[in-house]
Amino acid sequence: MSTVDLRRRSTAGPTGDRPAGTARPSGPARRPRPNVLGTAVLFVLSAYFLLPAWWLLVASTKSSSDLFGSDGFWFSTFHLGGNLHDLATANDGLYFRWLLNTVLYAGVGAAAATLLAAMAGYALSKYRFRGREAVFNTILAAVLVPAPLLALPVYLLLSKAHLVNTVWAVLLPSMISPFGVYLCRIYAAASVPDEILEAARMDGAGEFRIFFTVVLRIFSPALVTVFLFQFTTIWNNFFLPLVTLSDQKLWPVNLGLYYWNGLKDHTPYNLVVTGSLVSVVPLVVAFLMLQRFWRTDLTAGGVKA
């Protein structure tokens, strides 16, 4: 065999028809076929969930007569400004008092619940003590208990403490979030490396300083999730304020709208609908402002394997 033949065989691929390492020419890439059925199902589900919001938006622009005398899903006489004016002046502006009460209950309650859940979840994940699993299992069982079942025991406890018909009757129960503790423990076990904690202790940092300066920063995605869940839960809470509050000036907005909707002599439907729309705005704003904090892998690269 000649030297030329040896060179040809050494540069040929497995089939001998092209040099080794060269890619086989391929035709044009095939585009994936669109899933028509899946797209149609998602469209129907989106319409199902968005249709009530669209009706609420349209209905809030109508007067009481137009609510029942025009198409429910399309605009008629634009009366949104008049509805907002009537909402602000009804019962000496009581609606916005209800709205501020709800912001207080949801904001303070969710913030306190988030901090307590983060501390409890971190402790249950990173500290070893007797009965730790029993405590966690008890908290996990509390997640499965429906909140309305606890309304009567909570009312009896608040009554013994003389806190019924005060802001604390709503705030104190709102500061407990078993689901938040569960989520924070899972997140701490997965995202807070023990090496970072040991390094901070070797540098002389105390446990509280480690928690507030190191752990909370790593916890930010979990904290935002717990805060939004608890904020929404307190905002929509109806049964507990109904049981524990009798003073109208302390009511949250959903209880006030329920009261207006139940008036027998004259039900202000335009105020109920417009008030429902306004009460949704803070929730939307909270989600839009806090969604940027949903980041993952905050400690990626911080600890090498």
Side-chain angles (χ1 to χ4, degrees), residues 52-53 56-57 59-61 64 79-117 147-148 151 154-155 158-159 161-177 180 223-263 266-291 293:
L56 181 63
L57 178 63
S60 63
T61 64
S64 295
H79 202 259
L80 180 60
N83 290 336
L84 292 175
H85 178 268
D86 295 340
L87 191 66
T89 57
N91 299 112
D92 296 327
L94 188 58
Y95 171 82
F96 287 98
R97 176 66 180 267
W98 295 337
L99 191 62
L100 289 177
N101 291 339
T102 311
V103 172
L104 173 66
Y105 298 148
V108 176
T114 302
L115 180 60
L116 292 177
V154 169
Y155 173 80
L158 294 173
S159 178
H162 303 287
L163 295 177
V164 174
N165 202 30
T166 64
V167 294
W168 298 107
V170 180
L171 278 178
L172 288 179
S174 301
M175 294 179 182
I176 306 301
S177 176
L223 296 182
V224 171
T225 303
V226 174
F227 180 85
L228 286 178
F229 270 97
Q230 192 68 6
F231 187 87
T232 306
T233 301
I234 301 172
W235 193 278
N236 296 326
N237 192 4
F238 173 78
F239 193 63
L240 181 63
L242 178 65
V243 172
T244 59
L245 299 179
S246 58
D247 188 358
Q248 290 189 7
K249 294 183 179 180
L250 298 178
W251 285 356
V253 65
N254 53 1
L255 186 57
L257 293 175
Y258 172 78
Y259 167 74
W260 276 354
N261 192 54
L263 293 176
H266 175 66
T267 302
Y269 291 109
N270 60 326
L271 299 186
V272 174
V273 173
T274 307
S276 301
L277 177 66
V278 174
S279 67
V280 175
V281 174
L283 291 176
V284 176
V285 172
F287 272 90
L288 293 179
M289 290 179 60
L290 295 177
Q291 67 176 352
F293 292 99

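When all heavy atoms of Leu277 and Ser60 are compared, the closest pair comes out as CD2-OG, 3.0 Å. Smallest separation of non-hydrogen atoms from Leu263 and Pro268: CD1-CD, 4.1 Å. Heavy atoms only, all atoms of each residue included: Pro173 and Leu158 are closest at CG-CD1, 4.5 Å. Heavy-atom minimum distance, Leu99 versus Ser279: CD1-CA, 4.3 Å. Among all heavy-atom pairs drawn from Ile234 and Ala110, the shortest one is CD1-N, 3.6 Å. When every heavy atom of Val272 is checked against every heavy atom of Asn261, the shortest pair comes out as CG2-N, 4.0 Å.
For the residue pair Asn91/Trp260, the side-chain donor-acceptor check at 3.5 Å is satisfied.
Under the ring pair (Phe, Tyr, Trp, His ring centres under 6.0 Å) criterion, Tyr259 pairs with Trp251, sequence neighbours left out. With sequence neighbours left out, the ring pair (Phe, Tyr, Trp, His ring centres under 6.0 Å) criterion links Tyr155 to no other residue.
To the nearest 0.5 Å, the span separating CG on Leu84 from OH on Tyr95 amounts to 9.5 Å. Residue Leu240 holds its CG atom at 10.0 Å from OH of Tyr105, rounded to the nearest 0.5 Å. Between the CG atom of Leu271 and the CG atom of Asn83 there is a distance of 7.0 Å, given to the nearest 0.5 Å. Remark: Thr102 OG1 to Asn236 CG distance equals 10.0 Å, nearest 0.5 Å. Expressed to the nearest 0.5 Å, how far CG of Leu87 lies from CG of Asn270 amounts to 9.0 Å. Distance check: Asn101 CG to Lys249 NZ gives 11.0 Å after rounding to the nearest 0.5 Å.
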Item to check | Intermediate values then yes/no, side-chain contact (heavy atoms from CB on, under 4.5 Å), Thr114 and Ser177 | outcome: CA-CA 8 Å; Thr114 302; Ser177 176; over 6 Å; no
Checklist entry - Would Asn254 and Tyr258 count as a side-chain contact (heavy atoms from CB on, under 4.5 Å) if you check the C-alpha gap in whole Å, the side-chain angles of each, and the deciding distance to 0.1 Å? => result CA-CA 6 Å; Asn254 53 1; Tyr258 172 78; over 6 Å; no
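The shortest distance between side-chain heavy atoms of Ser276 and Leu257 falls below 4.5 Å. Between Leu245 and Pro252, the closest side-chain pair of non-hydrogen atoms falls below 4.5 Å. In this structure, the side chains of Trp98 and Leu255 stay at 4.5 Å or more apart for every pair of heavy atoms.
A donor-acceptor pair under 3.5 Å is absent between the side-chain atoms of Gln230 and the main chain of Gly109, judged by distance alone.
Residue Asp247 places its CG atom among more than 12 non-hydrogen atoms of other residues, nucleotides or ligands, all under 6.0 Å distant.
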